[in-house]
Every structure is written in C-alpha cells, then in structure tokens.
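Since the structure comes first, as structure tokens, the remarks are kept for the end.
Quick note: residue numbers are just sequence positions, from 1.
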Amino acid sequence: MTASGDLACLKTANLSVRLGRALVVDGVTLELRAGELTALIGPNGAGKTTLVRALAGLLRSTGQILLAGKAIGELSARERARQLAYLPQGHVFHWPMSVAAVVALGRHPHADAFSPLTEADRAAVERALAATATDKFADRAVTELSGGERARVALARALAGEAPILLADEPTASLDPRHQLVVMGLLAEAAHRGGTVLAIVHDLTLAARFAGRIIVMERGRVVADGAPRDVLTIKLIAQVFGVEASISDSDVGAIPILRRPL
C-alpha cells in the first residue's frame with residue numbers, strides 16, 4: 001500500500017446518513033491523511049460502522065465525500081475499489097475456496113474478472129499472504145479455518161489490492177492477543193508506507209498503542225479528534241464510555257487503564 005499526495009486522501013464535509021427515520025451519522029466533517037493510522041472509537045450505536053460504510057460508498061448519504069480529490073459518486077465501482085479497500089466485520093466465507101484464491105480476489109479491481117493473474121498480481125498476493133502469516137495455509141479451504149485465521153485471510157485480501165486507502169471495521173475482533181498486536185502492527189505499517197488507514201477499534205489500549213490519531217464518535221457525531229494523549233483523557237472516557245479510567249505513561253505512550261463502569 002503506497003501513496004502520495006492527495007491520492008491517499010479521503011475527505012468529508014457535513015456527511016450525514018439516515019437508516020430509516022434514524023439519523024445515524026450527523027454532519028461529520030473530517031480529512032483522512034496519507035501516512036496516518038486513525039482509530040475510530042466510540043460506544044456501541046455511535047454510528048462508527050455506518051460512517052465507514054458510507055465512506056466506502058456502500059450507503060446513501062448526504063453531504064460530500066471526496067476520494068482522491070473526486071466526488072465518490074463520480075467514480076465507477078472499479079475505480080473506487082482501486083483507490084479504497086474496505087474490510088468489513090464478520091469475515092464470513094461461504095465457499096470452500098483456497099486461502100490463496102480468496103486473497104487473489106483482492107486483485108480483481110486491477111484486471112478483467114476473467115483475466116488470469118499477472119506476475120504483479122501474484123507478487124501482491126504473496127506479499128499479503130506473507131504479511132498476515134497466512135501463507136502457511138495458503139492451499140487450505142478458507143472454510144476449514146478458525147475465526148481468527150479467517151480474519152487474517154480477510155485482511156490479506158484487502159491488503160492484496162494495494163489500494164492507497166484502507167477502511168477496516170473491527171479488524172481485531174475474534175483474534176487472540178498476539179494476533180491483535182500483529183494485525184494492528186500491519187495496519188500501522190501500511191500507514192507508515194504512505195497509505196491512509198482508518199480502523200474501528202473497541203480496545204482503547206490498542207487504539208492508544210498503535211494509532212497516531214483517534215476520532216471519537218458519540219450519537220452520530222464526532223466529539224473528539226486528535227493525538228491519543230490529547231483525546232483519551234480520564235474525563236472523555238468517563239463521559240463517552242461511562243468508565244472510570246486512569247492513564248499510564250509507558251515507553252509506547254499514554255495508555256488508558258479501565259477500572260470500573262460508572
């Protein structure tokens with residue numbers, strides 16, 4: 001995942017989404033920048049997944065979304081997929097395809113659906129498999145894997161497309177602690193290589209540890225946006241999450257310690 005300039009920039013202005021009569025995302029304006037891993041946090045029902053799906057062009061919205069400097073509605077599905085990879089939560093696979101074949105699906109935006117993989121495609125798939133440590137079971141059917149292994153395969157498929165923007169919805173869900181760290185490290189590495197990465201994260205410690213920027217949503221609105229040390233304060237954690245916390249300074253930054261519900 002490499003990018004430069006506005007190619008890896010996703011902007012919104014007064015973005016709102018209604019699901020039925022409910023206003024789920026309410027007037028969100030933000031800019032996601034190249035070279036930055038941003039964690040999107042907030043309580044259940046805050047509108048995080050709805051916002052991310054709208055950014056991916058999967059939900060109707062009002063306001064403006066600019067992808068690589070163009071209104072997202074002006075881009076074809078293939079053009080959008082070349083610029084933006086979306087990793088949904090759930091990681092459900094219905095067909096017993098091999099892991100390598102599933103990851104290769106990430107290359108479809110770059111070629112005709114009936115064209116064979118090119119050398120560049122195969123190299124991108126191999127890089128994604130190696131990065132996510134799924135290469136060791138590349139020939140196995142994805143339906144035979146554990147939930148955590150399927151999560152890594154889904155991430156590998158997203159990485160294989162090498163889109164400059166990656167939106168990930170709870171990428172560490174169902175992973176054990178070691179692989180949570182691995183996946184967050186992969187997202188941070190993608191950002192360090194110049195990509196734009198937005199990930200919904202429920203674990204505040206992981207968000208503080210890996211993200212350079214944290215956006216907090218509550219009731220459909222952005223209520224805080226900035227560096228982890230500035231955003232994850234005792235006061236905000238109490239107000240937004242209803243949890244008493246303390247902040248511990250460490251060699252990896254200021255880490256919130258959740259103590260008890262309020």
Side-chain angles (χ1 to χ4, degrees), residues 12 14-33 36-55 59 61 63 87-91 147-148 151 167-185 187-188 191 197-262:
T12 74
N14 198 31
L15 179 68
S16 296
V17 180
R18 286 187 178 273
L19 299 180
R21 294 183 178 180
L23 181 60
V24 182
V25 175
D26 184 7
V28 169
T29 296
L30 57 83
E31 177 178 345
L32 301 178
R33 298 180 288 267
E36 190 171 64
L37 168 57
T38 300
L40 178 61
I41 68 173
N44 292 338
K48 302 183 298 298
T49 292
T50 300
L51 173 61
V52 168
R53 294 192 69 207
L55 293 177
L59 289 176
S61 61
L87 177 62
Q89 56 179 287
H91 318 301
L167 307 178
D169 190 348
E170 297 189 43
T172 60
S174 78
L175 295 180
D176 60 41
R178 179 181 183 276
H179 286 106
Q180 288 180 9
L181 295 173
V182 168
V183 166
M184 291 301 294
L187 297 178
V197 183
L198 176 69
I200 296 176
V201 181
H202 276 293
D203 188 319
L204 301 188
T205 299
L206 286 176
R209 167 68 178 83
F210 287 94
R213 175 185 176 193
I214 292 180
I215 296 173
V216 185
M217 287 189 71
E218 183 182 25
R219 298 178 183 177
R221 301 185 67 87
V222 171
V223 297
D225 182 355
R229 182 180 293 274
D230 298 328
V231 169
L232 290 177
T233 63
I234 293 172
K235 181 179 179 181
L236 179 136
I237 293 171
Q239 289 180 341
V240 173
F241 295 95
V243 174
E244 180 185 288
S246 61
I247 306 298
S248 175
D249 283 316
S250 73
D251 59 351
V252 294
I255 303 297
I257 308 297
L258 307 185
R259 300 201 173 278
R260 66 180 182 89
L262 295 173

Exercise. Closest approach of I255 and S250, non-hydrogen atoms and distance?
Worked result: CG1-OG, 3.7 Å

For this session: Could you check if a side-chain atom of D26 sits within less than 4.5 angstrom of a side-chain atom of R219, using non-hydrogen atoms only?
Result: no

For this session: Kindly write out the residues that satisfy side-chain hydrogen bond (donor to acceptor under 3.5 Å, both in side chains) with T49, not counting sequence neighbours, or none if the list is empty.
Result: Q89, D169

Seminar exercise, completed: Here the pair of heavy atoms bringing A254 nearest to A208 is O-CB, 3.6 Å

Exercise. Hey, are the side chains of I247 and P256 touching, using non-hydrogen atoms and a 4.5 Å cut-off?
Worked result: yes

Problem set entry | From CA spacing to verdict: side-chain contact (heavy atoms from CB on, under 4.5 Å), E218, Q239 | CA-CA 10 Å; E218 183 182 25; Q239 289 180 341; over 6 Å; no

Exercise. Roughly how far apart are T38 OG1 and L187 CG, rounded to 0.5 Å?
Worked result: 11.5 Å

Only distances under 3.5 Å count here; give the side-chain donor-acceptor pairs of residues 197-204 to other protein atoms, sequence neighbours excluded, each with its distance to 0.1 Å.
| residue | atom | partner | partner atom | Å |
| --- | --- | --- | --- | --- |
| H202 | NE2 | E170 | OE2 | 3.4 |
| D203 | OD1 | T205 | N | 2.8 |
| D203 | OD1 | L206 | N | 3.1 |

Exercise. Looking only at heavy atoms, which two atoms of V28 and G220 are closest? And how far apart?
Worked result: CG2-O, 3.8 Å

Problem set entry | Pairwise distance CG(L167) to CG(L87) - rounded to 0.5 angstrom | 9.5 Å

Problem set entry | Point-to-point distance, once rounded to the nearest 0.5 Å, from CG of L258 to CD1 of I237 | 6.0 Å

Side-chain atoms of residues 227-235: list all donor-acceptor pairs with protein atoms under 3.5 Å, sequence neighbours left out, distances to 0.1 Å.
| residue | atom | partner | partner atom | Å |
| --- | --- | --- | --- | --- |
| R229 | NH1 | D249 | OD1 | 3.0 |
| R229 | NH2 | D249 | OD1 | 3.4 |
| T233 | OG1 | L236 | N | 3.1 |

For this session: Mind listing the closest non-hydrogen atom pair of M217 and P43 along with its distance?
Result: O-CD, 3.5 Å

Problem set entry | Considering all heavy atoms, the nearest F241-G42 contact | CE2-C, 3.5 Å

Exercise. Between the main-chain N or O of L30 and the side-chain N or O of T12, is there a donor-acceptor pair closer than 3.5 Å?
Worked result: yes

Exercise. Got a second to check how far R260's CZ is from L262's CG, nearest 0.5 Å?
Worked result: 5.5 Å

Exercise. Roughly how far, to the nearest 0.5 Å, is CD1 of I215 from CG of L32?
Worked result: 5.5 Å

Exercise. What are the two closest non-hydrogen atoms of L175 and H179, and how far apart are they?
Worked result: CD1-O, 3.6 Å

